[in-house]
Amino acid sequence: MTADGDRVEAYVVALGRELRGPRRAKDDLLREARDHLTDATEAMVAGGRSELDAQRRAVAAFGSVDDVAPAYQAVLSSGSSRRIGLGLFVVTAAQPVAWDLAVGSAEPDGRVGALLGVGVQVVGIACLVAAPLLVLLGGIGVRRFGIRKGLLRAVLATLVLSLLIAGQAVAMVSVSSTPLPIGLSIAGGIALVPYGLISVASLRCLRALARTQDLGRTRLRS
């Protein structure tokens with residue numbers, strides 16, 4: 001059958017255009033949809049229907065893109081938020097050990113350094129609180145209540161905390177006795193890179209969550 005007549009593939013492509021999220025997770029969801037439609041088509045063809053008719057019936061039974069896309073987008077958004085929460089917890093929990101190993105006794109000097117140290121601890125604790133909350137909201141919360149503003153706020157808080165702790169790390173090495181080039185390299189490896197990745201993932205997750213709400217509103221209007 002030609003590509004123009006392949007209703008299964010046309011449906012999967014149309015569904016893919018509506019979704020926003022991590023490419024690998026999105027591809028996995030689309031692959032599952034394609035496999036389900038293909039299996040349904042093959043079963044009906046084996047029952048005596050033409051392939052085109054079988055594809056049409058399989059797509060109709062699966063549901064329109066407008067009906068299916070919100071649920072698929074919610075899966076993408078919740079999965080992304082859970083991964084961010086897990087990543088935030090692992091990175092933050094490893095920070096004290098990594099900092100001690102990298103910097104050792106070269107702690108920040110003076111009152112400013114002491115205040116920065118307290119600030120890092122406070123933000124670190126906030127990260128350790130936000131991380132499991134994000135996992136819960138993106139898991140059980142979504143399954144029971146759907147995508148809510150609480151999840152959006154949790155992802156936004158993760159973005160702010162990640163940027164804040166990365167900035168604090170740079171400030172700490174700048175007032176420590178460690179030579180600045182070495183200190184910046186340490187801060188980059190320990191904080192800037194991991195928290196930068198979390199920040200980028202948080203921005204993408206916010207876009208995915210916004211898309212989830214847009215699709216949900218579109219479905220309600222229709």
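Quick caveat: nothing in here was measured; it's all calculated off a predicted structure.
- When Leu161, Leu159, Leu197 are each tested for a side chain to side chain contact (heavy atoms under 4.5 Å, CB included) with Ser202, only one passes: Leu159.
- Between Leu151 and the choices Leu136, Leu133, Leu209, Leu156, the side chain to side chain contact (heavy atoms under 4.5 Å, CB included) rule is met once, by Leu209.
- Using a cut-off of 4.0 Å between Lys/Arg side-chain N and Asp/Glu carboxylate O, Asp27 and Arg24 are scored as not salt-bridged.
- Atom CG of Leu134 and atom CG of Leu86 lie 8.5 Å apart (nearest 0.5 Å).
- Minimum interatomic distance between Leu37 and Phe62 (heavy atoms only, all atoms of both residues): CD2-CB, 3.6 Å.
- Within the 4.5 Å cutoff, no side-chain heavy atoms of Arg20 are placed close to those of Leu76.
- For the residue pair Asp53 / Ser50, no side-chain donor-acceptor distance below 3.5 Å is found, with atom types taken as modelled.
- The two residues Ala208 and Ser77 have their closest heavy-atom pair at O-OG, 3.2 Å.
- Leu164 and Leu128 fall into different hydrophobic clusters, where Ile, Leu, Val, Met, Phe, Trp and Tyr side chains are chained together by heavy-atom contacts under 4.5 Å.
- Atom NZ of Lys26 sits about 13.5 Å away from atom OG of Ser80, to the nearest 0.5 Å.
- A continuous path of ILVMFWY side-chain contacts below 4.5 Å connects Leu88 to Leu206, so both sit in one hydrophobic cluster.
- The closest donor-acceptor contact from the side chain of Glu18 to the backbone of Asp66 lies at 3.5 Å or more, if one exists at all.
- The backbone N or O of Gly63 sits less than 3.5 Å from a side-chain atom of Tyr11, completing a donor-acceptor pair.
- Across all their heavy atoms, Ser199 and Leu163 have their closest contact at OG-CD2, 3.6 Å.
- Both Leu30 and Val59 belong to a common hydrophobic cluster when Ile, Leu, Val, Met, Phe, Trp and Tyr are linked at side-chain heavy-atom distances under 4.5 angstrom.
- At most 12 non-hydrogen atoms from other residues, nucleotides or ligands lie less than 6.0 angstrom from CZ of Arg204.
- A pairwise comparison of heavy atoms in Tyr195 and Ala166 identifies CB-CB, 4.3 Å as the closest pair.
- Using a 4.5 Å heavy-atom cutoff, the side chains of Ser81 and Leu137 are not in contact.
- Taking each heavy atom of Arg83 and Ala25 in turn, the nearest pair found is NH2-CB, 4.0 Å.
- Of all heavy-atom pairs spanning Val45 and Glu51, the tightest one is CG2-CA, 3.7 Å.
- The hydrophobic cluster containing Val129 does not contain Val123, counting ILVMFWY residues as joined when their side-chain heavy atoms lie under 4.5 angstrom apart, directly or transitively.
- Going from atom OG1 of Thr92 over to atom CD1 of Ile198 covers 6.0 Å, rounded to the nearest 0.5 Å.
- A distance of 10.5 Å separates CD in Gln168 from CD in Gln121, rounded to the nearest 0.5 Å.
- Atom CE of residue Met44 and atom CG of residue Asp39 lie 11.0 Å apart, to the nearest 0.5 angstrom.
- Placement of Val68 and Val75 within a single hydrophobic cluster is found when ILVMFWY residues are connected by side-chain heavy-atom separations under 4.5 Å, directly or transitively.
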